[in-house]
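A quick write-up on the structure given underneath.
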Amino acid sequence: MKTLTKIALVLIPTITLSMAATAHDPSMHAKKAEKADCSKMDHSKMDMKDPVAIAMMKKCMKQAETSSDKMDHSKMGKKMDHSKMTEMADHNMKKDGHDNH
Amino acid sequence: MKMLKLLLLFVVLGLGVAATVMYSGVVDVAADEPHSDFVYWVLEETRKNSITKAAQNIEVPDLEDPDLLLTGGSDYEFMCSSCHLAPGQKESDMSLGLYPAPPNLTIAAESHKGHEHGDDTQAARKNFWVIKHGIKASGMPAWGKTHEDERIWAMVAFIKKLPTLTPEQYQILTAIE
Ligand SMILES: [Cu+2]
């Protein structure tokens with residue numbers, strides 16, 4: 001075999017394969033059952049009338065109950081009264097939907 | 001009698017054209033080859049009107065309950081985000097490869113000009129119908145075969161909020177635990 005043919009035989013598959021790998025980041029396919037990342041929640045920005053905020057609180061409160069993974073209270077302002085939170089979350093709030101856009 | 005013959009001729013001619021188109025193989029069904037503007041318009045109008053009509057009498061429940069965002073969120077992440085994307089994501093294999101392309105549901109359809117909120121109900125109806133019944137000859141599956149109406153409404157509620165969510169909010173709402 002000619003050297004050129006040999007080089008081609010090695011190089012062509014290598015290049016094609018590596019290109020396929022870059023075009024196709026495997027992490028995009030991996031569906032991981034992730035835990036909610038509650039440490040990123042910024043309570044100071046949260047409007048407790050917003051269904052999105054209430055839903056997030058509920059999710060993270062449930063997570064804190066079932067695991068040792070507690071919410072990071074050090075990041076929260078003192079303004080937040082956690083004793084009222086269950087009450088608020090249960091209070092299926094009605095609103096006109098005009099707060100968040 | 002003459003009229004009848006003429007009509008018959010047209011019918012035969014029409015069938016002939018249809019058969020030629022079908023059997024000659026001139027129609028390109030490749031998903032990476034877009035429809036012509038005309039064909040696209042015909043299909044788009046047909047789909048739009050079909051959905052509007054089919055969905056017009058659907059009764060929309062209360063979609064503001066926060067719990068809906070949690071069930072709808074994890075369902076969306078696992079069943080829909082591969083095609084319809086998540087906040088912060090620009091494309092996926094499906095969003096690029098499918099034709100008709102799945103709309104990016106993380107951006108608001110019409111960015112809210114003139115404030116017509118009467119359309120919210122209409123949008124919810126249509127979304128519910130599309131999720132439940134799917135769309136023929138597109139990648140959009142009918143989820144109603146395997147999911148109760150309540151779960152579909154939860155996804156409708158989630159989709160309504162989706163364009164307002166940051167990637168962090170999305171992660172918390174959609175995570176399994
Ligand atoms: Cu508005």
Side-chain angles (χ1 to χ4, degrees), chain A residues 20-69 71-72 75 85-101, chain B residues 60-74 77-83 85-87 89-97 107-113 115 117-121 123-124 154 157-158 160-177:
Chain A
T22 45
H24 228 99
D25 184 9
S27 71
M28 287 173 68
H29 296 286
K31 277 271 178 210
K32 37 219 172 307
E34 273 181 354
K35 262 186 141 174
D37 188 356
C38 293
S39 63
K40 283 211 195 95
M41 254 202 311
D42 186 350
H43 288 80
S44 59
K45 281 193 201 137
M46 274 160 79
D47 167 11
M48 278 304 153
K49 286 204 203 81
D50 177 15
V52 171
I54 298 170
M56 284 165 65
M57 289 305 309
K58 279 194 164 184
K59 172 78 103 314
C60 290
M61 271 158 59
K62 205 153 98 210
Q63 191 191 68
E65 273 167 26
T66 50
S67 74
S68 53
D69 212 41
M71 277 189 280
D72 189 353
K75 278 194 197 147
M85 260 159 37
T86 357
E87 195 191 324
M88 287 167 84
D90 287 343
H91 224 94
N92 186 14
M93 301 205 197
K94 292 264 173 10
K95 50 167 226 144
D96 64 8
H98 270 83
D99 298 302
N100 52 354
H101 51 268
Chain B
V60 181
D62 176 22
L63 297 177
E64 293 295 315
D65 182 353
D67 285 335
L68 293 176
L69 299 177
L70 296 179
T71 38
S74 47
E77 163 69 5
F78 282 89
M79 309 190 311
C80 323
S81 63
S82 54
C83 288
L85 306 175
Q89 195 190 1
K90 292 246 152 35
E91 57 190 37
S92 71
D93 286 343
M94 301 287 192
S95 80
L96 291 178
I107 50 177
E110 306 97 41
S111 282
H112 230 82
K113 283 213 184 107
H115 236 95
H117 277 252
D119 280 355
D120 266 15
T121 317
F158 182 76
K160 194 173 154 196
K161 297 285 180 212
L162 187 52
T164 71
L165 299 182
T166 65
E168 288 76 27
Q169 290 176 317
Y170 178 88
Q171 199 276 336
I172 293 175
L173 290 179
T174 62
I176 290 300
E177 206 185 297

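A, B, ... follow the sequence lines: proteins, then strands. Residue 1 opens every chain.
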Examine whether an atom of [X] lies under 4.5 Å from a heavy atom of chain A, and if so say whether it belongs to the side chain, the backbone or both; otherwise answer neither.
X       : answer
L68(B)  : neither
L69(B)  : side chain
S74(B)  : neither
Q169(B) : both

If you take all heavy atoms of [X] and [Y], which pair is closest and at what distance?
X       : Y       : value
M56(A)  : L173(B) : CG-CD2, 3.7 Å
D67(B)  : K58(A)  : OD1-NZ, 2.9 Å
Q171(B) : D37(A)  : OE1-N, 2.6 Å
P66(B)  : P51(A)  : CB-O, 3.6 Å
A175(B) : A36(A)  : CB-N, 3.2 Å

*What distance separates D50(A) CG from E64(B) CD, expressed to the nearest 0.5 Å?*
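Interatomic distance, D50(A) CG to E64(B) CD, rounded to 0.5 Å: 9.0 Å.
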